[in-house]
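Have a look at the structure below, then the notes.
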Amino acid sequence: MSIKAETSEILTRLGVDAKSFSGGGLAVRTPVTGETIAEVPAISATAAGAAIDKAHEAFKAWRDVPAPRRGELVRLLGEELRAAKDDLGRLVSIEVGKIRSEGLGEVQEMIDICDFAVGLSRQLYGLTIATERPGHRMMETWHPLGVVGVISAFNFPVAVWSWNAALAFVCGDSVVWKPSEKTPLTALACQAIFARAVKRFGSDAPEGLLAVLIGDRDVGEALVDHPKVPLVSATGSTRMGREVGPRLAKRFARAVLELGGNNAGIVCPSADLDMALRAIAFGAMGTAGQRCTTLRRLFVHESVYDALLPRLRKAYESVSVGSPLTSEALVGPLIDKAAFDNMQKALDAARSLGGKVTGGARFDSGSAEAYYAHPALVEMPKQDGVVLEETFAPILYVMKYTDFDAVLEEHNAVGAGLSSSIFTTDMREAETFLSARGSDCGIANVNIGTSGAEIGGAFGGEKETGGGRESGSDAWKAYMRRATNTVNYSKALPLAQGVSFDIE
Ligand code: NAD
């Protein structure tokens, strides 16, 4: 069966109307072969505005539904996702080129956040606070916020939506989602899966609780500028964040910005090298280097450099590259030609700075329009130029270090620091790395790689953006507004000292 026919079968099975993926103006291609697999109708910026208005009306009804009942909808969504896991995981592999386990793993993250959010729906706690006034009680109450805008990147086409949406729904918000223009099919599939959950849930769920806006940047801009959207959670490149952040600030809207990651690891003299090797290989080559948490810079202590590097080079030379649909390869395709060209440009720049490159060439998959690359390992004389930027491709820059304090400085010397890890069995090094003067990233790990965050912890925290946070921990607070309430149960009204009004 052709990939196009298989895609159409999956979408139909998931309940997506054929009109939503055929005959439209936005061509969808699979990076696996480069062929077009669907034509999706895109929405205009004006129609996007109308959908947002409708979502605002939905919010006004949804905020009155008790939070544990809202949790029931998310519980049903989790059930529907479990039932659809194989289909949706396969669709992620088709649309983004992730290998099978990663496609399924992404859907599992959606299921996990639903479970988390169901529990959360009974734990949206505020504090009761000691007040200085006699006969008074002071407390804080968390209320639903409004329409939550979600803008997502191509490389996590479904999980990012769910990290935001599951929290937003239990918090009493409606959601308007602008997926990447490269991945509209998985978004349509999620919309259909959500509609199934709503059908089982019943009429408490208002129409328009979730809107999916298929379109490109101007649709994203309409969402960012709409006055009825008090929070936009935007995931994508740092370039996108720089455009979205000021627009939101201009109208005092909240932003959760999850942007690029130029993530680093440090391998110390006492590291368990077998463990480090496995974590480095997975963190740097997994998802063909197209994760925000991909390991991109590696600092290796001079005493273990010669023991680690030949083994790492071997891992790079032997890793299997190929179609995620028809092979067991560990590395699938890059999303498109532009990604491949950027990779080659970065490798040329690294070479010009004295970098010694292993791998990096195009892999011939037999499809002229598909872009696969052998992951590249680049031994650099020092951290400079292109090493300081995120290139969204499988490139790992390796540098030797001597002094621990100096390597911490180097580690923190990039803008887009999102995730980080250290490999050591020395307690002092490990704890220093996690301390105030250690890694400055939102995610700092010991003896585990940079990629593969769990939903229970707040995800993200890219330092340049002030640290967007979504999914676990207390990330839910961004999706609600806090009111401080004071109740006077005394017979007096204490005012500021020396103030009294003469009232008859
Ligand atoms: P991208 O920035 O090109 O696009 C992301 C989304 O933003 C798309 O939906 C796009 O249409 C939209 N967009 C772009 N410009 C916009 C604007 N001016 N206004 C409103 N919307 C706009 O990113 P991409 O290529 O899809 O994804 C790769 C990037 O995303 C990498 O840099 C990666 O590190 C990052 N990423 C970060 C995280 C995280 O959680 N920190 C997760 C996944 C991906």
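First listed ligand is number 1; within each ligand, the first listed atom is number 1.
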Check whether any N or O atom of E390, backbone or side chain, sits under 3.5 Å from an N or O atom of ligand 1, and answer yes or no. yes
Using side-chain heavy atoms (C-beta onward) and a distance below 4.5 Å, is T293 in contact with F459? yes
For ligand 1, which part of L223 has a heavy atom less than 4.0 Å away: the side chain, the backbone, both, or neither? neither
Answer yes if a protein heavy atom lies under 4.0 Å from atom 4 (O) of ligand 1, otherwise answer no. no
For ligand 1, does R239 get within less than 4.0 Å through its side chain, its backbone, both, or neither, judged by non-hydrogen atoms? side chain
Does D336 form a salt bridge (charged side-chain N to carboxylate O under 4.0 Å, His left out) with K182? I'd like the steps, not just the answer. CA-CA 10 Å; D336 53 21; K182 293 172 187 165; 3.6 Å; yes
On a heavy-atom basis, I'd like to know which of C292, S419, P157, A187 is closest to atom 36 (N) of ligand 1. C292
Ligand 1 N/O within reach of L418 N/O, cut-off under 3.5 Å: no
Would you check whether G241 reaches within less than 4.0 Å of ligand 1, judged by its heavy atoms? no
Do E6 and I94 come within less than 4.5 Å of each other through their side chains, counting heavy atoms only? yes
Applying a heavy-atom cut-off of 4.0 Å, say which part of A234 lies close to ligand 1: side chain, backbone, both or neither. neither
To the nearest 0.1 Å, how far is atom 20 (C) of ligand 1 from its closest protein heavy atom, and which atom is that? G220 C, 3.5 Å
Out of R242, M240, R247, the nearest non-hydrogen contact to atom 14 (C) of ligand 1 is supplied by M240
Under 4.0 Å between heavy atoms, the region of V244 that gets near ligand 1 turns out to be side chain
Which ligand 1 atoms does N155 reach within 4.0 Å, using its non-hydrogen atoms? 43 (C), 44 (C)
Nearest non-hydrogen contact to atom 1 (P) of ligand 1 from the set G442, S237, P184 belongs to S237
Backbone of L209 reached by a side-chain donor or acceptor of S174 within 3.5 Å: no
Which option out of P179, A153, G236 puts a heavy atom nearest to atom 35 (C) of ligand 1? G236
Would you mind checking which non-hydrogen protein atom is closest to atom 12 (C) of ligand 1, with the distance to 0.1 Å? I151 CG2, 3.7 Å
For ligand 1, indicate whether the residue E181 contacts it via side chain, backbone, both or neither (heavy-atom separation under 4.0 Å). side chain
Looking only at heavy atoms, what is the nearest atom pair of V74 and V118, with distance? C-CG2, 4.0 Å
Test your reading of the structure: does E243 have an N or O sitting under 3.5 Å from an N or O of ligand 1? yes
Please report whether ligand 1 has a polar contact with L259, defined as an N or O pair separated by less than 3.5 Å (distance criterion only). yes
For ligand 1, which is the ligand I care about here, please tell me if S152 has any N or O atom under 3.5 Å from one of the ligand's N or O atoms. yes
Cation-pi check, K98 onto F156 ring (under 6.0 Å, within 45° of axis): yes
Candidates W163, W177, F392; heavy atom nearest atom 28 (C) of ligand 1 found on F392
Would K178 count as being in polar contact with ligand 1, using the rule that some N or O on each side must be under 3.5 angstrom apart? yes
